[in-house]
Amino acid sequence: THRQNKMYTSLLICALTSLPTLGHASLPLVINTWPFKNATAVAWSALQSGGSVLDAVERGCTRCEMEQCDGSVGYGGSPDESGETTLDAMIINGDTMEVGAVADLRRIKNAIGVARAVMEHTDHTLLVGESASVFAESMGFIAEDLTTNKSVNIFTQWLKGSCQPNYRKNVSPDPSKSCGPYRPKAMLKWRKRAQHANVHAHDTIGMIALDRDGRVAAGTSTNGLTHKVPGRVGDSPIVGAGAYADSLAGAAAATGDGDVMMRFLPSYLAVELMRAGADPSAACKSAIYRIKRHYSEFFGAIICANTTGHYGAACNKVPGFTQFHFMVANSQTNTPILKSVDCF
């Protein structure tokens with residue numbers, strides 16, 4: 001309605017003009033989603049030892065893949081409906097605007113490494129599925145089973161629980177009570193299905209790195225949504241959704257309910273707001289507002305940093321998720337520091 005649009009515009013203006021910056025300006029800078037301290041430390045060390053911002057992002061995300069951060073990054077987590085773990089990742093160079101991404105990657109543990117290989121050894125941006133895995137093997141990445149006892153147990157318990165939760169709708173048999181195979185059924189009336197606000201089903205590492213000259217890169221890595229429909233790709237490997245970077249403006253990275261968040265390109269929006277002069281905290285909050293307007297119960301957060309080293313974050317408040325934690329390392333701290341922001 002006109003009244004809702006007017007209220008939304010007022011909220012955006014408020015966010016752009018009145019919010020304080022969360023972080024003090026300091027370069028170089030590493031910032032990443034969630035309390036993944038070891039990933040931050042590895043990325044910071046890469047910058048300190050003369051590595052590029054791309055090196056920092058790749059090494060930081062790789063550490064999370066190796067450590068299976070929170071079960072939501074790397075192998076052995078988030079099995080899909082068939083019990084398989086697949087990976088998504090993306091890396092973007094804010095200087096050249098080159099991007100490499102992979103989605104629905106099978107058998108390869110180092111997804112962010114494959115994403116960088118796509119960027120550096122092809123003219124493409126995104127490779128998916130089995131073909132992405134074949135490409136990875138041709139680039140020297142080792143094919144390995146991504147299944148673990150943990151992921152098998154998650155899948156087994158899900159089957160025993162009548163495949164709940166799952167992400168099917170308008171199908172038969174009733175997906176809220178039964179496992180498939182499913183088939184479409186006639187839709188008698190459109191109905192918006194409740195979102196699954198599970199903070200342990202969507203976590204992603206999103207990382208931003210800036211060097212002392214303000215060059216910026218960003219990246220993501222995730223094993224996606226637990227119990228997803230096979231072939232599902234979330235926001236993480238999608239440019240402008242999971243992450244975005246431009247050395248003339250800054251960078252942003254998102255985490256949360258990717259199926260909803262990717263529809264709004266929140267990372268791209270946040271960077272463009274910073275380009276227009278918005279404070280990073282305000283840019284983050286405005287990007288969340290944009291989604292919240294349509295999906296008030298979505299689970300998600302975003303981190304932002306501009307080229308001067310200011311940073312910020314924002315999150316949507318839902319039951320069980322009232323504060324978002326993220327990591328920062330810069331020349332002031334010289335070590336990874338846990339930060340938090342209250343959700344709204």
Side-chain angles (χ1 to χ4, degrees), residues 39 52 54-55 57-69 71-93 96-152 154-155 167 180-181 202-207 217-244 253 258-259 262:
S52 69
L54 289 170
D55 294 334
V57 168
E58 181 186 1
R59 293 174 193 175
C61 289
T62 295
R63 175 55 66 96
C64 245
E65 292 170 348
M66 293 170 58
E67 294 185 351
Q68 304 165 283
C69 285
S72 62
V73 181
Y75 68 101
S78 301
D80 62 19
E81 281 187 345
S82 65
E84 184 178 13
T85 295
T86 57
L87 309 179
D88 301 337
M90 184 253 288
I91 192 166
I92 177 169
N93 183 336
T96 65
M97 304 310 296
E98 292 175 292
V99 179
V102 289
D104 194 27
L105 182 69
R106 308 171 68 188
R107 302 190 307 279
I108 308 295
K109 289 184 177 181
N110 185 203
I112 189 74
V114 181
R116 187 168 180 180
V118 171
M119 180 177 70
E120 295 186 340
H121 298 295
T122 80
D123 287 328
H124 303 313
T125 293
L126 173 65
L127 296 183
V128 302
E130 181 64 21
S131 296
S133 302
V134 171
F135 166 79
E137 290 181 52
S138 75
M139 291 290 103
F141 291 87
I142 300 172
E144 303 176 80
D145 187 0
L146 303 187
T147 301
T148 62
N149 289 338
K150 180 180 178 180
S151 65
V152 169
I154 292 171
F155 178 60
Y167 297 89
H202 310 273
D203 297 358
T204 303
I205 183 167
M207 177 173 282
T220 63
S221 184
T222 184
N223 53 33
L225 180 63
T226 308
H227 312 312
K228 62 192 174 188
V229 176
R232 178 264 189 186
V233 175
D235 64 328
S236 296
I238 305 303
V239 186
Y244 195 71
D259 290 296
M262 69 192 298

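For the single chain, residues carry numbers from 1 onward in sequence order.
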With sequence neighbours left out, what residues match [X] under side chain to side chain contact (heavy atoms under 4.5 Å, CB included)?
X	result
R63	N38, V42, E67
V229	E81, R168
S138	F135
A103	D88, L126, V128, V233, P237

Between [atom1] on residue [X] and [atom2] on residue [Y], distance to nearest 0.5 Å:
X	Y	atom1	atom2	answer
Y167	T226	OH	OG1	7.0 Å
S82	K228	OG	NZ	9.5 Å
M66	K109	CE	NZ	9.5 Å
R59	I112	CZ	CD1	13.0 Å
L146	N223	CG	CG	9.5 Å
S221	L105	OG	CG	9.5 Å

Tell me the closest heavy-atom pair linking [X] and [Y], and the distance in Å.
X	Y	answer
L54	I92	CD2-O, 4.0 Å
T220	S236	OG1-O, 2.7 Å
F141	N110	CE2-OD1, 3.5 Å
C64	I205	SG-CD1, 3.6 Å
V57	M207	CA-SD, 3.9 Å
M139	A117	CG-CB, 4.3 Å

When you measure from the side chain of [X] to the backbone of [Y], do you find a donor-acceptor pair of N or O atoms at a distance under 3.5 Å?
X	Y	value
T122	V118	yes
T222	S72	yes
S78	G224	yes

Between D259 and R232, is the closest basic N to carboxylate O distance under 4.0 Å?
yes

For [X], enumerate each residue passing the salt bridge (Lys or Arg N to Asp or Glu O under 4.0 Å) test, keeping only those at least two apart in sequence or located in another chain.
X	answer
E65	none
D55	R116
E84	R106

My understanding is that only residues two or more places apart in sequence, or in another chain, count here; which of them pass side chain to side chain donor-acceptor pair (under 3.5 Å) with [X]?
X	value
T85	none
D235	none
T148	none

Candidate list I108, V102, D104, test side-chain contact (heavy atoms from CB on, under 4.5 Å), partner T86, passing option:
D104

Among residues two or more places apart or on two chains, list those pairs meeting salt bridge (charged side-chain N to carboxylate O under 4.0 Å, His left out) that have a residue in residues 132-143.
R107-E137

Measuring only between side-chain heavy atoms, which start at C-beta, is Y244 closer than 4.5 Å to V239?
yes

